[in-house]
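Input: a single structure, listed below in C-alpha cells.
Since this is a predicted model, take the numbers as computed values, not measurements.
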Amino acid sequence: MSSGPSLVDQFPPELLSLICSYVYASGFHPPTSSLDPHLYSDHPGAPVSLPSSYPCAYWPEAVVRRTLTSLCQVNKAWYDAAKPWLWRKVEIRLPRSWLSIVEEVAGGDDEDASEEQAALIVDQTLKKAESAALAAGSLLRECSGNDSDAAASDLHDKVLERLSGPDISIPPELLTPPASRDPSPRRLRTKSKSPARWKLMRSISVAVQDVMERAHPGIYVPPPHDPHPGRLVQHLDFNHFRTIGMRRSVEEGVNNRFVTGDRLVAVLKELPNLLTFGATEYMDGALTFPVLKELLLRGSASRGRGRPARGRDVVIPDPNDPEQEDLERRRECKDLTAIDLTGCVSGVFVSALTQLVNNFLLDHSESDSSDSDDERERRRPRSRNLVQEESLVFPGMRRLGLRGVKSIQPHILEPLVLAFPHLTHLDLSCTRISPEGLAALGASPTIRLQSLALERCNMLTGESIRDFLVGAPAARDIRELSLYGDWTFPSPLNEEELHDILALAPCFKSGQLVYLDLSSTPLTRELLVDVCPPQPCLRSLGLSHIRNLELTAIARFLTEKASKVEVLTLVTSTPELGYGGPVVSARQATIALHAQLVRPLCTPPFSFSLTSTPKTEDPPTRLRVIELAPPLLTGLGAGAGTWRIIRSKGGRGWYVDTASGWVAQPAADGEESKGSVLRRDLEPTHPWRVELEALADANGNVNSGVGWHARKMEVLHGDGLLGREAGLYGAVAFAYQG
C-alpha cells in the first residue's frame with residue numbers, strides 16, 4: 001500500500017472548518033421530532049427522512065464531543081478547524097470541570113494574579129500586533145539596521161499614545177511593566193476587575209490598525225491571534241451539574257461552594273458571543289446581581305440604557321463611574337437569545353432579580369416620597385442631559401424559561417417578562433403570574449408566541465386564560481400549549497370558559513397545534529367531540545385528571561379529529577379506568593383499556609381473501625404510547641402482546657407499543673424510497689424494539705431523559721414542548737409526577 005501524503009493534508013482551512021461544522025450539527029435535534037428518547041447510538045448509516053426513531057436523527061452529545069476532540073489531535077490544521085466548534089457549547093457537569101473552565105477562560109480566581117496576567121497579555125499582544133503591522137507595511141524591507149529598530153520604536157510609541165486616549169478601555173497601569181508602575185488615580189479608585197481578555201486584544205488591534213491607517217491609508221493589518229476560548233462559547237448551561245456524592249460536609253457545601261457569583265461573573269465577562277444560558281437549583285446561589293447584569297444587560301440593552309428618548313443627544317458619562325468600563329464592554333457583546341432558570345428559588349437569586357427589576361425596569365418617577373436622597377440619587381441617570389430615558393427592553397431574547405420560580409412576586413415577575421418584546425417560547429409553569437400580568441402580555445404588539453406553558457399557575461383565573469387565548473394577538477400562532485393541572489392545583493377554567501377557548505381561540509381554529517395538554521379541565525364529551533375543531537397536526541395530547549370524560553369519547557375524538565396523535569396521557573381519568581364512577585377492579589380497567597382504546601385505535605382492520613393477497617391497511621390512528629396512573633400500570637402486569645410498561649426515573653409511567661416506531665422504509669426494486677414511516681410490525685430482533693424491551697425490563701432504572709409528553713419546555717435550543725432533555729431538565733420534563 002502506498003504511504004504517500006494524504007490528500008486531506010492539502011485541504012484548505014475553510015474545508016476543514018466546514019467538515020467540523022457538519023460534525024457539530026450532527027448533534028442538533030431535528031425540526032420534526034420522533035417523540036422518542038435517544039436509545040440506539042451504534043446504528044449504521046443515517047436517517048433518510050424525518051421523523052426517525054431508528055436510525056436516530058441526531059448524534060448523542062458525547063459522540064459529537066469525542067469526534068471533535070479526536071480531530072483536534074490530528075494536527076495543527078485540524079486543531080484550528082475543530083477548536084471553535086468544540087468550545088461552542090459548554091455543559092458544566094462536574095465541580096472540577098467547572099474549576100478548569102474558570103482557569104482556562106477567566107484565568108482563575110486570584111484578582112492580583114489575574115491583573116498581572118492581563119498585563120502580560122497586553123505586552124505579548126502588542127508585540128505580535130506591531131510585528132504584523134510592520135510586516136504589512138513592508139517597513140522592514142524599506143529600512144535596514146537601526147532604521148528598522150527606530151521604525152518599530154516609533155510605531156510602539158504611537159500605539160501606546162493611541163491606547164492612552166480616553167476612548168480606550170485599557171487601564172494605563174496595564175500598559176507599563178509591573179516594576180515601573182506608579183499609583184494612578186484610575187488605579188486607586190474603586191473599580192471592577194481588569195478588562196476582559198477579548199476586549200484587551202480588540203482594543204490593541206483597533207489601535208494598531210488606526211495608527212497604520214493614518215500612515216498608510218488603505219492598509220490592512222491582520223488582528224493578533226487570540227488563543228483564549230472564551231470568545232468561541234455560545235452556549236453555557238449547568239443542567240448536568242451536581243455536587244451529590246462528593247462526601248462534603250454541610251459546612252463545606254455552604255462555605256466552600258464551587259460555583260460562586262465571582263467565578264461566574266469572571267467567566268461571563270470573557271464570553272462576548274454567549275447566546276444561551278441555563279441555570280438550575282444546584283447553583284442558583286451564584287446568580288447574584290452582578291451575574292444577572294452580565295447576562296441580561298449586554299448588547300442592545302447596554303446600548304440603549306441611558307440614552308435620551310428623542311434626538312439621541314450626546315450623553316457625557318461620569319469618568320469616575322466604576323461601572324463605566326463594564327458598560328462599555330457589555331455594549332460590544334451579543335444579545336442573549338435564550339435563558340432557562342428552571343427551579344431557581346434561592347434567596348440570593350430572588351434578591352438579585354428583585355434588585356435588577358427595581359433598578360432597571362420599574363418606573364420610579366412616582367416613587368414614594370419616603371425614599372432617601374441617596375436612593376433617589378442612585379436611581380438618577382448619570383448624565384448631564386436631564387431628559388427622559390427610553391424604557392429598558394431586551395429585543396434579542398426569544399425564549400424564556402421560568403418554570404418553578406415560585407419565590408418571585410408578581411410585581412417583579414411581570415415587568416421582567418414584559419421586558420422581552422420578541423418572545424416565541426415562554427414557560428411560566430408553577431409561577432405567580434397574575435391575571436393582570438397575563439393581560440399585559442397579551443396586549444403586547446410584538447410578542448408572537450409559538451410555545452406557551454401555564455401549568456399550575458394558581459393565581460390565574462379562567463377568565464384571564466380565556467381572554468388571552470381568544471383575543472390576544474400574542475397567542476394567535478401558538479402550536480404548543482400546556483394548561484396542565486392536577487388535583488393539588490386544578491385548572492381554574494370552568495366549562496363555559498373552556499367552550500369559548502375550544503370554539504373561538506385562533507390557535508385551536510387553525511388546526512396547527514402539535515402539543516396540547518388540557519389535564520384537569522372540565523372537559524366533557526360534547527366539548528371534545530362536537531365543539532373542538534379538528535386537529536390534524538396534533539401529536540401529543542394530555543387528558544389526565546379528568547374523571548368524568550368517557551373513554552369512548554376520547555376514542556371517537558382521536559379517530560375523527562386527531563388521528564395523528566401518538567402520545568396520550570390518561571392519568572386518573574375516565575370512569576372506565578376506575579376514576580369518577582363506580583368502583584372498577586384492575587382486571588375490568590385493563591379489559592376496558594384494550595377493548596375500547598388499544599384494539600380499535602392501534603390495530604389494522606382485519607382483511608381476508610381466498611383469491612389474492614389481502615391488502616394491508618394502516619390502523620385508524622397513530623396512537624402508540626399511553627401514560628397511565630401507577631396503580632393501573634401495576635394492574636397491567638407485564639403487558640399484553642407487544643405492549644409493555646416503561647417507567648421513568650421518577651413516578652411517571654407509560655404503556656408503550658414496543659413494535660411501533662418511526663423507521664426508514666427500504667426502497668423496493670425500481671421504486672423510490674418512501675422515507676420514514678410509522679411501522680407497527682417491527683420484528684422481535686429489530687434494534688428499536690430490542691431497546692424498548694430493555695427499557696421495560698429496567699423497571700425505572702433509566703436515565704432522566706427517558707419518557708414521553710414532556711411537562712417542561714425545552715428553551716435553550718428552541719425545541720419547545722416536543723423537545724428532549726436529560727439531566728435535571730429531563731427529570732423535570734419526564735420523571736417528576738407532580
Next on the checklist: Donor-acceptor check, side chain of Asn75 to backbone of Trp78, threshold 3.5 angstrom: yes or no?
Outcome noted: yes
Item to check | Phe258, Phe241, Phe238 screened by ring pair (Phe, Tyr, Trp, His ring centres under 6.0 Å) with Trp98, the one that passes | outcome: Phe238
Checklist entry - If we only count heavy atoms from C-beta on, is the Gln450 to Glu480 side-chain gap below 4.5 Å? => result no
Checklist entry - Any donor and acceptor pair, going by atom type alone, linking the side chain of Arg724 with main-chain N or O of Gly705 inside 3.5 Å? => result yes
Item to check | side chain to side chain contact (heavy atoms under 4.5 Å, CB included) assessment of Arg398 paired with His422 | outcome: CA-CA 6 Å; Arg398 296 295 185 270; His422 298 108; 3.4 Å; yes
Item to check | side chain to side chain contact (heavy atoms under 4.5 Å, CB included) between Leu418 and Ser444, intermediate numbers included | outcome: CA-CA 8 Å; Leu418 295 176; Ser444 172; 5.6 Å; no
Checklist entry - Got a second to check how far Leu716's CG is from Glu91's CD, nearest 0.5 Å? => result 9.0 Å
Checklist entry - Distance from Leu264 atom CG to Leu287 atom CG, nearest 0.5 Å? => result 7.0 Å
Next on the checklist: His717 and side chain to side chain donor-acceptor pair (under 3.5 Å): which single residue from Lys89, Arg399, Glu725 fits?
Outcome noted: Lys89
Checklist outcome for this item: In this structure, CD of Gln355 is separated from OG1 of Thr288 (nearest 0.5 Å) by 9.5 Å
Checklist entry - Step by step, would you call Arg711 with Glu455 a salt bridge (charged side-chain N to carboxylate O under 4.0 Å, His left out)? => result CA-CA 8 Å; Arg711 291 187 186 156; Glu455 173 184 329; 5.4 Å; no
Checklist entry - Can you list the steps and then say if Thr260 with Asp262 is a side chain to side chain donor-acceptor pair (under 3.5 Å)? => result CA-CA 6 Å; Thr260 63; Asp262 291 339; 5.5 Å; no
Next on the checklist: For the CZ atom of Phe277 and the CD atom of Gln234, what is their distance to the nearest 0.5 Å?
Outcome noted: 16.0 Å
Next on the checklist: For Ser429 and Asp427, which I'm curious about, is there any donor-acceptor pair between the side chains at under 3.5 Å?
Outcome noted: yes
Item to check | From CG (Leu353) to CG (Asp284), nearest 0.5 Å | outcome: 12.0 Å
Item to check | Nearest-0.5 Å distance, CG of residue Leu428 to CG of residue Leu413 | outcome: 6.5 Å
Checklist entry - Would Ser21 and Leu18 count as a side chain to side chain contact (heavy atoms under 4.5 Å, CB included) if you check the C-alpha gap in whole Å, the side-chain angles of each, and the deciding distance to 0.1 Å? => result CA-CA 5 Å; Ser21 69; Leu18 182 62; 3.7 Å; yes
Item to check | Trace of the side chain to side chain contact (heavy atoms under 4.5 Å, CB included) decision for Val105 with His228 | outcome: CA-CA 7 Å; Val105 174; His228 304 102; over 6 Å; no
